[in-house]
Amino acid sequence: MTASHDRRDFLKLAGVAGVAFASGLFAGRDGASAQDGDFHFVQFSDTHWGYSGPANPDAAHTLEKAIATVNGLSAQPDFVVFTGDLTHTTDDPKERRSRLARFKEIVAALRVKDVRFMPGEHDASLDRGEAYREFFGATHYTFDHKGVHFIALDNVSDPAAKVGDEQLAWLAADLRQRKPDDRIVVMTHRPLFDLYPQWDWATADGAKVMDLLMPFRNVEVFYGHIHQSHHHTTGHIAHHAARSLVFPLPAPGSQPKRTPLAWDAAIPYRGLGSRDIGVTAPSDYRLVDLPVAKA
Amino acid sequence: MTSRRTTLRWLIAAPAVAGLAAAGFAAEPPVREIRITARRFEYTPASITARRGETVDLLLTSEDRIHGFKMPDFNLRADILPGQITTVRLMLDRTGSFAFFCDVFCGDGHEEMGGTILVEA
Ligand SMILES: [Cu+2]
Ligand SMILES: [Fe+2]
C-alpha cells in the first residue's frame, strides 16, 4: 500500500467504516497523512526492552531508532501511548525494575512530553503489576483529550489474562457518565475479542468489556500483544492491533506455532514499527504505520 | 458444549463417582487416565494419542508453580497447581490434532508451553 492510494480505497479495502489504513509512510507528503485529523497521537507497542535473541539482533537499539523516527515527524503528535510489553519478562524482580528504569530513560528522548503507558503480561503478570506501578503508576485509568474519552484497560496484571470484576465495575461506572454518542477510545494490551484462542490471543473476560461498550456508538479499540497490524470489528466497534518493536509474530494460524518471524538481515526491522493515528470527529481514525527507521 | 464447565466442576468435586464407574458399577467403557505434569515451560507428555470415541481423564499436576491448561477446541480450561491433582474429563468425539497450552503467564518461555492431543479414527 502506498501513499498515493485514494483515501476511499483504503476504506473499501479495509471494510471498516470510518477507518483508513496506510503503511510504511512518513506522514505529511500527501493525502494519506494521519496529521490531517483534529489531532493525532502515536502508538508504540511491544517494545520488549531487555529482549536478546536471534529474532532481533538489534534489539538494543530498535526502540531508540523508532523514537528518532517519531521525533522526526513534521507535525508532532499530541501525545504518545505505549500499549504494553514495555519490557521483556524476567524472573528476577531486580532485573525487571532495571529494565523498566532503562526503558523509561530511553523513551524520555521523545520530543512529545505527554506520554501514557500501559503494561503487558511481560511487564506485569509475574508480580501482578507491582514493579510496573512503581515506575508508571496505575495500570488502568482514563483521560480526556480534545473531546475524546480515552480508557486504558489492564488485561495483563492478572496472569490469567482477565480484566477482573473490580476493573469491570470501575469501567461500568465510568461509562455510566458517558452519553451514547460520546467519542471513546479504548486502549489495552491484549485483544478484547477472541482473535485466535488457539494461540491465546484473547482476553478471558473480554466479552464482558465489549458488552459494556456496545451501547456506545463511537468506540474504537487500539491494542498490541500480537506483534502485527490487525483489524477486526465486533458489531460497530473496530479493534486495531499495532506492530511491535522487537519481532513480528506470524499471522493467526498461519504456522503451527506462534514463534517469531525470523530476522532478515537484508530487510532489517521488517514488520516492526509504530503507528500514527489521526482522529477526526465523530469517529474517523486514520492509521499510518511508521517504520522503525527511514529507509 | 454448554455443559463443559459444569462437567469440569462436577469432576473435580466427585472423584469417588469416577472410581465407582471404573469398578464396574456403570455400563460405560472404562475411562483412560492420562497423567500430565506441567513445569516451566513444558508439559510431560506433550503429545498424546487417543481414539475417537474414547473418554479420557487428564490428571494434571505441576512441579513448580501455577500453570494453566487450555484447549479451546473442547472449550476446556483449568488451573494446574503444585501438590494437587486436577482432573479434567475429555470426550474425544472427533478426530484431529487439538492443541493445549498454558494460559497463566509463567515467565520467559510461557509462549512456547503447549502440547497436542491427536485423536485418530
Ligand atoms: Cu503481550
Ligand atoms: Fe509482546
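Computed over heavy atoms, backbone and side chain alike; hydrogens, waters and symmetry mates excluded. Order of the sequence lines fixes the chain letters, A, B, ..., with proteins taken first and strands second; residue numbering starts at 1 for each chain.
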- [ ] Step through the shown structure and confirm whether more than 12 heavy atoms of other residues, nucleotides or ligands are within 6.0 Å of CG on A:D165.
- [x] no
- [ ] For atom NZ of A:K208, decide whether the heavy atoms of other residues, nucleotides or ligands shown that lie under 6.0 angstrom number more than 12.
- [x] no
Open item on the list: Could you check whether any side-chain heavy atom of A:Q198 comes within less than 4.5 Å of a side-chain heavy atom of B:D73, counting everything from C-beta outward?
Closed with: yes
TODO: Using a 4.5 Å cut-off on heavy atoms from C-beta on, say whether the side chain of B:H110 contacts that of A:L126.
DONE: no
TODO: Could you look at A:D200 and say if it's the side chain, the backbone, both or neither that has a heavy atom under 4.5 Å from chain B?
DONE: both
- [ ] Identify which part of A:H122 has an atom lying under 4.5 Å from any heavy atom of chain B, answering side chain, backbone, both or neither.
- [x] both
TODO: Could you pull out the closest heavy-atom pair between B:P72 and A:P197, with the gap in Å?
DONE: CG-O, 3.5 Å
